[in-house]
Amino acid sequence: MQSLLHSAQAIPSLKLILTGLILLGVSGALSFILRRKEHVAAAVGSWGTVLGSALALLPSALGALGMASGSLSFGWRLPIGSFSVSLDALSGFFLVPLFILAICAAVYSRGYFSSGARPGALGAYWLFFNLLTASMALVLVSSNAVLFLIAWELMSVASFALVAFEHESSESRRAAWIYLFASHLGAAFLMPLFIVLDSDGSLSFASMSLAPGSRMASLAFLLALAGFGLKAGFVPTHVWLPEAHPAAPSPVSALMSGIMIKLGVYGILRILAILGSSCVWWAWLLLALGVVSGCLGALFALGQGNLKRLLAYSSVENMGIVSLGLGLGLLGLSYGHPGLTALGFAGAFFHMLNHSVFKGLLFLCAGSVMHGAKTLNMESLGGLLRRMPWTGSCFICGSAAISGLPPFNGFIGEFLIYMAAFAGVLTFDFSLLAPSVVVIAALALIGGLAAAVFAKSSGIAFLGEPRAPEAAHAHESPWSMRLPMIALASGCLFVAVLAPKILMALAPAVATLTGSLDMDASQMAVEFSVAFKPLLAIGSMSCALLLLFVVISIARSSLPMGSVEDEAGTWDCGYAKPTAKMQYSGSSLVQPLRDFFKAVTRPLESLVAPSGPFPTAASYSSKARDFFEDLLWLPMLKAASWAFGKSHALQSGHLHFYILLIMAALGLLLLWTFAGGGASL
Amino acid sequence: MNWHGLASLALSLVLAPALLGVVNRTKAFFAGRMGAPLLQPYYDIFKMLRKGSVYSRSCGQVFRMAPSLSLAALACAAAIVPFAGAPSLSSFSCDMILFAYLLGVSRFFSVLAALDTASSFEGMGSSRELQFAALAEPAFMIAMASLALMAGDASLSGIYQKLDFGQWLSMAAPALLVSAALLVVLLAESCRVPFDDPNTHLELTMVHEVMVLDNGGPDLGMIVYASSLKLWLLGALLVMTLIPLRTGCFALDLAAFLACMALLGIFVGSIESFLARFRFIKIPQMLVGASALALLAMLLALGA
C-alpha cells in the first residue's frame, strides 16, 4: 500500500520535473531566437530558469525525502535504449541543490550582464545556461544508459559553450578546448562501463546487475571511477578544473563547481547502488584518492594568485574530503559495520550539500569582485571590505564556512566524517582502525591547509589597504547580484542550524547504497540517531558562541572608556610612512607552508643570486604550477599526438587511395558476412 | 544540573590568568629576579579594560570584532573540557573535534584582524601562525584518537573519567607518548618558548605577540585573557592525561587538579627559562614529530 502511494505520488513529481525541464529548454531556445533584443532575451531566459527550477524544486525535495519515488518510460525513435526516467532519494538529493543554485545563478546573471555583453551573446548565454541546468537534471533522473549518455554529452557541450563565452581571449579558448577534451576522455570510459554492466540489452539501470565480488564488478567500478572521477576532479585527472572554472563567467563557475562536479560523485554512487556489493580494496582506493586529492588540492590552492583558480583547486580539495567519507562508508559496507557505513556516507552527503552552498557563494562573490574591481589577481586587491561591504561580508562568511568553522555549515560535514573515523578507531579492529587513523590525520591536515588558503584569500583580497588603483576604486555590485550572495550566506547558517533535521532527511538517500547490509531508510535513521545528540549539542554551542559574542561586545562598549576611540596610522613598530606595498602579499603570507611542502608541490623557481664582492643585479621568481599537467598529461598527450601523427600516411590527399580503402573495407565486410560471422547482421 | 561541571568551569575562567602569573614568576626565579606579583596578569587586564582604544585608519570592522569573537570561541571551548574529572557542561561523542575547531575560529579571526592592519609585522606573524596551526592540527587529532582508543570512549568527559589510575598503569607507555605530543601542541598553540617568545614583539619572535601589535585598550585586555584561557585549557588536557587522580570526592579532585595546574605552570616556566626559541626551520619538524609520537602511542595502545 505504501509503495502504491509512493508511485502514485511519484508520477506527478516526475511529470512536474520534466515539465520544469521542458520550460528550461523552451525559454533557452526562445532567448536565443530573440538574441538581437538583449533585454527581452535576458528576461525570457532568466525567468524561464527561475520558473522551471522553482516548478521542479518541490518534487525533487519530496523525492529526496523518499516520499516520491517511481519511474516513467517513453519509447523513442532511436534503435537502442528508451526515454526512462526515475526519481529516487539519491537523485532527489542532488536535484535540490541544483535547482536552488540555478535560481541564484540566474538572478545573479541578470546583474552580472546588466551592462551588456557582445551583441547576440546574451541570447546564446541563456540558451546554454538553461540547457546546462536541464541536462544536469536529466542526468540525475535518467534510468537508461543511453539517455544518461545523451544527457551527459549535452551537459558537456553546454558547459563547453559557456566556458568559451569570452572566446576573444586565447586563454578562454585554450581552457575551453582542455575542458572539452577532458569531458570526452571521461565519457570514453562511460560507454564500456555501461556495456559491461548491461545484462539484457535494454541498457536500463533497473535491469543492470553483476555478481558481487566478480572481476566484472571490479572492472565496472574502475571504469566508473575513471570516467566519473574525471568529472568530479579527483587527482590526477583534475587538471581541467583550474583551467575551465576561472574561464567561465562567474555564475556558470558557481553552477559548475557547485553542482557539476557532484554529478561525477553521483555517477560513482549510482554505479555502487547498481552493483550493490563492494570489495575492501575499492574503499582503500577511494580513501587513497581522497587523501591525495584533499592534500594536493589544498596545497595547489595555496600557491594561486588568481581568486577563481584558488577556488577551483579548493573544489578539488573538497571532493577529496567527500571521497574520504565515501571510502569510510564503503569500508563499513565491506566489513558489515552499519555504524561506520551510515556515518561515513552521511558525512560525504552532508559535505556535498554544504559544498554546493558555500562554493556557489564564493564563486558568486569572486564574480562580484571581478565586476567591481575589474581584476581577480589577489596581489592587486586589498581593502575591498570597505568599498564592497556586502560582497566582503558574504565572502568572509563563505571562507569561514569552507574552513569548517562553527557556527557555519562546513563544520557539520567534516564532524560527521570524524565521527565515522572515531567509530572505526573504537572498533579495536586493526583493519578498520588503520584507515580511520589515516582519515583523521588527513582530514586534520586538509582542514588546517584549507583554513590557511581562505585566511589568505579573504585577508589579502578584502582586508588591509588596496594594493593597486583598481581595488581603490572598486564599487559594490547591484542588488540583483547581492541578493543571491546574501541568500547563500544565510543558507550556510540555516543548514548549520537545521543540521539534525537535514541529517535525518539524508537517511533515504544513503539507504539506496546499503542494500547489501539490508538497511532501509528507517534502519538508516536509527544509525543516524547516534549523531543526533552531538549535532544538537553543536547547534546549541554555536548559538552560545553567537550569544556570547554579542554579550561580550555589549559589555565592552559599556565599559567606562569603552566607546572612546581615537584614530591613528598603523603603528608598524614606529615606521613613519607606511605604504600599501609594505603589506604582506598573498604569496608571502603562505610562504612558510609552501616551503615546507615544496617537495610535494614542486614550484618552478628561478634564482639569480648576488655574486662577487660588489653584487648588482639579483632576482628570484617562483611560480606555482600543477606538476600533473607538466609531468604527466603533457608528455602523455605529446606521445599520443606523435603516435597518431604516424597515421597521416593514410590521409595522403589522393582520391584513388581513398577509393581503394573503401573497396577494401567493403570487400572485407562481404567476406565476413559470407563466412558466417554476420548472422546477426 | 551539573553543578560540579559549572563550578570547575567558573573556577577555571577565574583562575586562568593566575597560571600566566605562575609561569612568569617561575621565569623570574630562574633569572634571579624578584619578578612581578603572582596576580600581575589580573592587574594588567583590569588596567587595559579601563583604557580607551586607538584604531588604525586601515582597520575595518573585522579588526574591531575579532577580539570579542576569539574570546567567545575560547569561552565556549572551555565549556567542553572536563576539569578535575567532573563531566563538562557540554559533553557528547567526538566533542574534542568541536574543541579543536573552536580554537580554530579564534585563530582564523585573529589572523584576519592582523591582516586588516595592513602592516608587514602582523602579516609576518599571521604567515607563521598559519603554518604552525596547519601542522599542529594533525598532532592534536591523532593524540585525541589515541586517548579515545586507550579509554574506549569518544567524548572528552568519557575519556578522562575512564582514564583512572589503574587504567593508566596498564597503558603507561602510550599515555606518556600522548602527553609528550600534547605538550608540544600546548607550547605551539599558546605560543611559548621554544615556538615563540611571549616576551618580545620584534622580528625574532614574530608569531602571536606580533599579530596583536596594533591592538590596545579593552581589546588587548580581552586578547591577553583569551591567550591565558587557551594555555589553561590545553594545559588542563595535558595535566589530566599525565596525572590521572580520580579519588571520587569532587573537592579533593578539584584541589589536586589546581595543584597540578600550578605544577604545570612551573614546568612551562622552567622550559621557557632553559630553552631558547628554535629556528623556524625546526618548528614544523617538531610538530610532525609530535604527530609521529601520537601515532606511536596509538599503535602501542592497540597492542596493549
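This one's a predicted model, so the numbers in the text were calculated from it and none came from an experiment. Only this structure's heavy atoms are used, side chains among them; waters, hydrogens and symmetry mates stay out.
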Name the member of [options] that forms the most heavy-atom pairs with chain B at distances under 4.5 Å.
options: A/Gln583, A/Met582, A/Met561, A/Met419; answer: A/Met561
options: A/Ser399, A/Ala452, A/Pro592; answer: A/Pro592
options: A/Pro534, A/Gly448, A/Gly459, A/Ala434; answer: A/Pro534
options: A/Ile538, A/Asp566, A/Leu536; answer: A/Asp566
options: A/Ser540, A/Gly569, A/Pro406; answer: A/Pro406
options: A/Leu426, A/Ile460, A/Ile446, A/Val425; answer: A/Leu426

If I measure from the heavy atoms of chain B, does [X] come under 4.5 Å with its side chain, its backbone, both, or neither?
X: A/Ser588; answer: backbone
X: A/Phe408; answer: neither
X: A/Val437; answer: side chain
X: A/Ala450; answer: neither
X: A/Leu545; answer: both
X: A/Phe422; answer: side chain
X: A/Leu433; answer: side chain

>> Please determine whether side chain to side chain donor-acceptor pair (under 3.5 Å) holds for the pair A/Thr427 and A/Asp429, giving the CA-CA distance in whole Å, both sets of side-chain angles, and the decisive distance to 0.1 Å.
In response: CA-CA 5 Å; A/Thr427 57; A/Asp429 175 9; 5.3 Å; no
> Below 6.0 angstrom between ring centroids: does that apply to A/Phe462 and A/Phe395?
Replying inline: yes
Per-residue contact mode, [X] against chain A (heavy atom under 4.5 angstrom):
X: B/Ile281; answer: neither
X: B/Val111; answer: side chain
X: B/Tyr55; answer: both

>> For a quick test of reading the model, state the closest non-hydrogen atom pair linking B/Ala294 to B/Ala143 and the distance between them.
In response: CB-N, 3.6 Å
> Who passes ring-ring contact (aromatic ring centres under 6.0 Å, His included) against A/Tyr418, sequence neighbours left out?
Replying inline: none
> Is there any residue in residues 547-557 of chain A with a non-hydrogen atom under 4.5 Å from a non-hydrogen atom of chain B, and which ones are they?
Replying inline: A/Leu548, A/Phe549, A/Ile552, A/Ser553, A/Arg556
>> I need the contact set between residues 381-391 of chain A and chain B: heavy-atom distance under 4.5 Å, sorted by residue number.
In response: A/Leu385, A/Arg386
> In Å, rounded to the nearest 0.5 Å, how long is the span from CD of A/Gln591 to CE of B/Met124?
Replying inline: 10.0 Å
> In Å, rounded to the nearest 0.5 Å, how long is the span from CZ of B/Arg64 to CG of B/Asn215?
Replying inline: 11.0 Å
Which pairs would a plain distance check flag for residues 438-445 of chain A, meaning a side-chain donor or acceptor within less than 3.5 Å of a matching protein atom at least two apart in sequence or in another chain?
none

> Do B/Val54 and B/Asp214 come close enough that some side-chain heavy atom pair is under 4.5 Å?
Replying inline: no
> When only pairs under 4.5 Å are counted, which of B/Leu299, B/Asp219, B/Leu295 shares the most heavy-atom pairs with chain A?
Replying inline: B/Asp219
